[in-house]
2 protein chains.
Amino acid sequence: MAKKSGKTTIHDIAYELGLNASTVSRALADNPVVSQKTRDLVQAKARELNYQPNRIAAALRRGRSDILGVIVPAIDRAFFGRVIRGIEEKADKAGFHIIVCQSYDSAKRERAMVSTLQRLQVDGIMISTAKDKEPITDFYKQLMATGLPIQFFDTMPAGLDAPAVVIDDELGGFEATEHLIKAGYERIAHLRGPQHIHIYHDRYRGYVRAMTEAGRTVDPRYVIDIDSHFDSGEEAFVQLWNLPQPPDAIFSSSDYSAAAGIKASEKYGIRVPEELAIIGFANESFTEIITPKLSTVDQQTRTMGRLAAERMIAVVTDKNALQSLERRLVLAPKVIVRKSSQR
Amino acid sequence: MAKKSGKTTIHDIAYELGLNASTVSRALADNPVVSQKTRDLVQAKARELNYQPNRIAAALRRGRSDILGVIVPAIDRAFFGRVIRGIEEKADKAGFHIIVCQSYDSAKRERAMVSTLQRLQVDGIMISTAKDKEPITDFYKQLMATGLPIQFFDTMPAGLDAPAVVIDDELGGFEATEHLIKAGYERIAHLRGPQHIHIYHDRYRGYVRAMTEAGRTVDPRYVIDIDSHFDSGEEAFVQLWNLPQPPDAIFSSSDYSAAAGIKASEKYGIRVPEELAIIGFANESFTEIITPKLSTVDQQTRTMGRLAAERMIAVVTDKNALQSLERRLVLAPKVIVRKSSQR
DNA sequence: TTGTAGGCGTTATCAT
DNA sequence: ATGATAACGCCTACAA
């Protein structure tokens, strides 16, 4: 029997077997220096006593916790939920655990969370930085100088040279627009998200480039600014439809406003995709259930999570892996063509 | 200056100030037994040296990690993302952290995750148990016997008397149906989810009770079984519409099939809600963007997370709080009436 | 092949 | 009010 009432430790096992704790420690680690017989004995006894190694103690001793910190703006956003799933998948396989924190898009909270994670002795931190006006670049510069492995994903502070896995929004905008062009649509409009937000700016740039490269001019009347996701969708649609020559296709910077567009066109009796093609962005789960099914751009969320975790773990596991990885990995989004943009 | 190059510890601070580590420890904890002057001195020096307390070491010594384990089937499901957000909110406020694990709805993995969390010395585990046929009740009985605080939420093993925060799906089904009845609909159909899954069975029972209590009979032809979320929605609709007397309202056990129903009715030229009312279940985010906006039943996800965390923390913080809490807290879902069921 | 001893950083107990 | 010491559980030189 283990002595006290508490959990069994290597000392308990050692005592039971008339061995020393260090031998038990080695045996449990399957260290070949210990005789096979002893190893079997120890491991059997460990099972018998339902021994659960204390990872906290091991962490303290080894100076490694096998825990990774993850900071996202909000865990209940579908995008981050999926990325975290990817992260957890990889981490789990590699024997790491993740502690998830939310910044609620506040730079201040983000810094606080970094601090907390450091105190928890995490081996590295993966961050999708808050969309906050407050500058945080210097904070991370200092942090990285301490040697703590950092890996950004999705969003990263401006002007920081740090490992990151991001998505090429410009390419996404380009390909979405290109798809519409190739599908034979003539007058392609764009529902443009807030331009101070990086991703929307890039999607817009991709739109412009695709138009330009196809030898088309970007009619400013075809570029409608939308702020909130849903509500401005219908207004935008009306605005477009009142033009002397309405567009025959729309590339929306978000699935939500794209859906609002579909909704509005139904209301006004415009058939999608026959009279008007629509493509969104993000591959939200509802894109498959609305009528018609919404074409969109997939952001490779799970892949992003997996890659970020892989790179993080590579660095944590082997410090000089850092050099061998490109600092910045840019993922290509994937256009998903569904009914709403196929005629 | 701190000695070595490593992180600063209380010993460094003590050395700098000509004090003893134990005094520093007390001072940092604002222990009033230490003179105000010394406390100030220590805290100033701690800031100066950018001291970050090592929570791992403290955890080892105190036998408490201030970490809670959370196990959910999959973090990228909107439902769990929201619950976790609620959990994290409360945990954060109380100075706890959460480690999130996914069971992928496998009982085996779930057990493994529990084990891992135990090794990490979490102070308690919050679980939404896997929808797996494999029985896991005995496992938890044993686990709870060890004294590890456990708190279930959303789903819990059958026949286990354990603290849990769950939602009353039967009531949700009842109220959704009642709403349709009160709104004056005559022939109310139900899209019924797989009955071996507890929640769908309860929603169906609520439907039956509402019908019965209103003095109506449940016409078996009005109860359509759907398996996968989307695809069977249209079939179900067609089946209903080919009835000699089609229903004038549908209560669907999921928002997805409800949306599919709306989609199908448009296709067949049936106006919602004038000719057919539809209400779903879960308050998915897309319910607000489809046309017409979908009535649904909100599951109080964030509240569920908050309450589960609150209860967990109460138990962890004060062992005899256990008694004072009802073992099982049942949350009432909330019907959200939107366009799709209002005439 | 196994044992001894020391320490990871903190906190609790006892002494001064 | 502060200091000395031990211990949390594990790991790892080093010794035997």
Side-chain angles (χ1 to χ4, degrees), chain A residues 2-43 45-46 49-67 95 118-123, chain B residues 2-43 45-46 49-67 95 118-123:
Chain A
K3 25 179 206 179
K4 307 265 193 55
S5 54
K7 316 187 184 172
T8 60
T9 72
I10 51 173
H11 293 100
D12 300 329
I13 301 178
Y15 176 81
E16 292 276 307
L17 261 32
L19 286 170
N20 185 282
S22 52
T23 306
V24 172
S25 174
R26 285 186 282 249
L28 288 170
D30 247 329
N31 188 330
V33 86
V34 177
S35 75
Q36 186 65 52
K37 207 185 67 187
T38 312
R39 267 186 279 165
D40 293 343
L41 231 51
V42 169
Q43 288 169 12
K45 185 57 90 180
L49 299 180
N50 187 29
Y51 167 71
Q52 304 270 37
N54 184 328
R55 309 276 254 91
I56 290 278
L60 180 59
R61 171 63 234 240
R62 295 192 309 140
R64 253 191 65 178
S65 62
D66 291 344
I67 298 178
Q118 281 188 285
R119 303 188 214 284
L120 286 169
Q121 310 297 118
V122 297
D123 296 339
Chain B
K3 24 181 203 180
K4 308 262 193 59
S5 55
K7 315 188 186 174
T8 61
T9 72
I10 50 173
H11 291 100
D12 300 330
I13 300 178
Y15 177 80
E16 292 275 308
L17 261 32
L19 287 170
N20 186 282
S22 48
T23 306
V24 172
S25 174
R26 286 185 283 247
L28 288 170
D30 247 328
N31 188 328
V33 86
V34 177
S35 75
Q36 186 62 54
K37 206 185 69 188
T38 311
R39 267 186 280 165
D40 293 343
L41 231 50
V42 168
Q43 289 169 11
K45 186 57 91 180
L49 299 181
N50 187 30
Y51 167 72
Q52 304 270 38
N54 185 329
R55 310 276 255 91
I56 291 278
L60 179 58
R61 174 64 234 240
R62 295 193 308 141
R64 251 190 67 179
S65 62
D66 292 344
I67 299 178
Q118 281 187 284
R119 303 190 216 282
L120 286 169
Q121 310 296 118
V122 297
D123 296 339

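Side-chain atoms are counted along with the backbone in the values below, which use heavy atoms only and exclude waters and symmetry mates.
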Using a heavy-atom cut-off of under 4.0 Å over every strand shown, decide if B:V33 touches base, sugar-phosphate, or nothing. base
Under 4.0 Å from OP1 or OP2 of D:dT12: is there any side-chain N or O of A:S22 that close? no
Most 5' of B:G18 and B:A57 on DNA chain D, judged by nearest nucleotide: B:G18
d(CG, A:L19; P, C:dT4) in whole Å: 11 Å
Taken to the nearest whole Å, CG/B:N31 to C1'/C:dT13 is 13 Å
Gap between atoms OH and C1', on B:Y15 and D:dT2 respectively (whole Å): 19 Å
B:S25 vs C:dG9: side-chain N/O to OP1/OP2 distance below 4.0 Å: no
How far does OG of B:S65 sit from CD1 of B:I56, to the nearest 0.5 angstrom? 8.5 Å
Nearest whole Å is fine: how far is D:dC8 P from A:R55 CZ? 21 Å
Check whether any side-chain N or O of B:S35 sits under 4.0 Å from OP1 or OP2 of D:dA1, and answer yes or no. no
side-chain N/O B:T9 vs C:dC8 OP1/OP2, d < 4.0 Å: no
Earlier contact from the 5' end, DNA chain C, for A:N20 and A:P32: A:P32
Hey, does B:L17 have a side-chain heavy atom less than 4.5 Å from the side chain of B:V42? yes
Answer yes or no: is there a side-chain heavy-atom contact under 4.5 Å between B:I67 and A:L120? yes
Closest heavy-atom pair, A:R39 versus A:P32, reported as atoms and distance to 0.1 Å, is NH2-CA, 3.8 Å
Rounded off to whole Å, could you give me the NZ-to-C1' distance for the A:K7 and D:dA7 pair? 17 Å
Return whichever of B:V24 or B:L60 has its heavy-atom-nearest nucleotide of DNA chain D closer to the 5' end. B:V24
In whole angstrom, give the distance that lies between atom CZ of B:R61 and atom P of D:dT5. 16 Å
Between CZ on residue A:R26 and CD1 on residue A:I10, distance to nearest 0.5 Å: 10.0 Å
Closest to the side chain of B:R26, out of C:dT2, D:dC11, D:dT2, is D:dT2
Could you give the CG-to-C1' distance, from A:L28 to D:dC11, as a whole number of Å? 12 Å
Are any of B:N54's side-chain N or O atoms less than 4.0 Å away from OP1 or OP2 of C:dT10? no
Rounding to an integer number of Å, can you tell me how far B:D40 CG sits from D:dA1 P? 14 Å
OP1 or OP2 of C:dT10 sitting under 4.0 Å from any side-chain N/O of B:Y51? yes
